[in-house]
2 protein chains.
Amino acid sequence: MNTAPKTLAHSDCGDCPIRYRAVCSRCEPDELAVLDQLKTYKTYEAGQMICWAGDQLQFVGSVVDGVAALSQTMEDGRRQMVGLLLPSDFVGRPGRETAPFDVIAATDVTLCLFRKAPFEELINSTPSIATRLLEMTLDELDAAREWMLLLGRKTAREKIASFLAILARRETALSAGQTMGKVEFTLPLSREAMADYLGLTLETVSRQVSALKRAGLIELQGKRKITIPDFASLLNETGDDTDGGMPA
Amino acid sequence: MNTAPKTLAHSDCGDCPIRYRAVCSRCEPDELAVLDQLKTYKTYEAGQMICWAGDQLQFVGSVVDGVAALSQTMEDGRRQMVGLLLPSDFVGRPGRETAPFDVIAATDVTLCLFRKAPFEELINSTPSIATRLLEMTLDELDAAREWMLLLGRKTAREKIASFLAILARRETALSAGQTMGKVEFTLPLSREAMADYLGLTLETVSRQVSALKRAGLIELQGKRKITIPDFASLLNETGDDTDGGMPA
DNA sequence: TCCCGTATTTGATCTTGATCAAAGCAAGAT
DNA sequence: ATCTTGCTTTGATCAAGATCAAATACGGGA
């Protein structure tokens, strides 16, 4: 599961994704110099806890490679994943003392980290960075609310189709091509993790994946490699408004 | 349902809640002067659409009185409420062109509005405001993620108990007293709206409310007035970690 | 006060997805 | 090559909640 690191850097901004997504929308040289001095990298193995809900937060940063998950667990063990962190996503809470949720490495993960205190100073002294972070947080909030529709109202089949569609879209977004006929990608999550994300049991996930395969909407190579022969017909299964509109 | 307007203003800051919650954490006189010139009030009747998903956004602002709801609807009519906006909550999207979700007046609602463009200028020129908005948005994000746990994993009974507990907490937060033995309040939502919020049907909501009443955990005066004789025992029904921890 | 329209409650049945249980499979270890 | 071990798939059964269909209660006018 150790894919070669993908380089997501802004063309002008070196190799650390945070400079591109979270900070460097205008590439001010001063800010970059500060960030260069602050950044460190850290890696985690698949399954490892990155932090626990309630932990003191020392760092913020972003995902360089791999997939991390935010999740919550109830006393009796019921678990709900509340966010997926893919490469280039921001991790952490400027202005917060403690982590609100558990963070778990779903695959092997590399993070690019900055000590929180100096990063917060940077935010407070640089409106463009605060604005950029606000924008990203609003995106996350919209995504969370889309997910609430999925969790509250969609059927198991629609949940699976939606999840696959989101991954597929993210895949093709990275590799320029907008053609959207056929898409191939690797599932970053186990059946159990998918269940935790979708508010289902792993058995139901397995059954519905099989059902989509039987229906010819997806093809499987092994357990994790997925081919979507016709993206549009998968979209029909998601329950989403298929025509235009705003992406989440 | 037209309760007398509650005044939520910061003691130093006049009558508009936005100055307290979103902007006026330090009460800079210049900012307040600008905001005073911008603000207007607008009222909506219960049930009225405040805006539709996809609408051009001209304003941002905050709820002064009443309850508004963010919601999404699928083509076949399934609906999921994704946020409740209570007095002092911020409405709108600095930096966004269009509304991501429908906004509906759940009760009669009064909003305090500012034109978006000048408000955005204020944000960009005043780091403390951008930071404050970021903080508020992070709070909303945490609340949305708490809600994902509720939607994905909680039972109908736990959902109802959680919802009532949240309202009760909000009620007592406003009226100083932290005693938390007995709480009384009025439901701001119909059974149908509660169902849309909780990812249930209105029948299931009705049945579970009746069940909680039979169990002596709540009392009803009419349909909408609720008394919680012992808040702690209602909390036991929410499935939440009851001891300490961080509030959402 | 009575009437009407809407919201709520209640009941009977049906469906979906959870739960329990048992194989199946692939990859690494012996 | 065979035996683990840890997923994943599949099957049978069950329960929670949805759906369909009536009652019933409530609130606001005439």
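Chain A is the first sequence line, chain B the second, and so forth, proteins listed ahead of strands; every chain is numbered from 1.
At a threshold of 4.0 Å, the pair B:R169-B:D240 does not count as salt-bridged, since none of the basic side-chain nitrogens sits closer than that to a carboxylate oxygen. Contact check on B:E140 versus A:R145 returns a salt bridge, with a Lys/Arg side-chain nitrogen under 4.0 Å from an Asp/Glu carboxylate oxygen.
Near DNA chain D, meaning a heavy atom under 4.0 Å away, the residues from residues 195-208 of chain A are A:E203, A:S206, A:R207. Within residues 148-158 of chain A, the residues having any heavy atom under 4.0 Å from DNA chain C are, by residue number, A:T155, A:A156. At a non-hydrogen distance threshold of 4.0 Å, A:S210 from residues 209-222 of chain A come into contact with DNA chain D.
Ring pair B:Y197/B:W147 is parallel by interplanar angle, where below 30° counts as parallel and above 60° as perpendicular.
At least one side-chain heavy atom of A:I104 sits less than 4.5 Å from a side-chain heavy atom of A:S71. For the pair B:T107/B:V109, a side-chain contact is recorded, criterion being any heavy-atom separation below 4.5 Å from C-beta on. When side chains are defined from C-beta on, B:L217 does not count as touching B:L164, because their heavy atoms never get closer than 4.5 Å. The closest side-chain heavy-atom distance from B:L84 to B:L189 is below 4.5 Å. When side chains are defined from C-beta on, A:M136 does not count as touching A:D89, because their heavy atoms never get closer than 4.5 Å. Considering only heavy atoms from C-beta on, B:L141 comes within 4.5 Å of A:R93 through its side chain. Counting heavy atoms from C-beta on, the side chains of A:P100 and A:L70 never come closer than 4.5 Å.
Whole-Å rounding puts the A:K223 NZ to C:dC25 P distance at 8 Å. Straight-line distance from the NZ atom of A:K225 to the P atom of C:dA26: 15 Å, rounded to whole Å.
The minimum heavy-atom distance linking B:F90 with B:L85 is given by the pair O-CD2, 3.8 Å. The minimum heavy-atom distance between B:K154 and B:T238, with the atom names listed, is NZ-O, 3.2 Å. The minimum heavy-atom distance between A:T204 and A:A156, with the atom names listed, is CG2-CB, 3.7 Å.
Between its opening and closing five pairs, the helix from C:dT1-D:dA30 to C:dT30-D:dA1 changes axis direction by 30°, a value rounded to 10 degrees.
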Determine all donor-acceptor pairs shorter than 3.5 Å in which one atom belongs to a side chain in residues 42-56 of chain A; sequence neighbours excluded.
{"unit_1": "A:Q48", "atom_1": "OE1", "unit_2": "A:E45", "atom_2": "N", "d": "2.7"}
{"unit_1": "A:D55", "atom_1": "OD2", "unit_2": "A:W52", "atom_2": "N", "d": "2.9"}

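A nucleotide of DNA chain D counts as in contact with chain B when one of its atoms lies under 4.0 Å from a heavy atom; the first and last such, 5' to 3', are D:dG17 to D:dC26.
Between A:R224 atom CZ and A:R191 atom CZ the span is 7.5 Å, to the nearest 0.5 Å.
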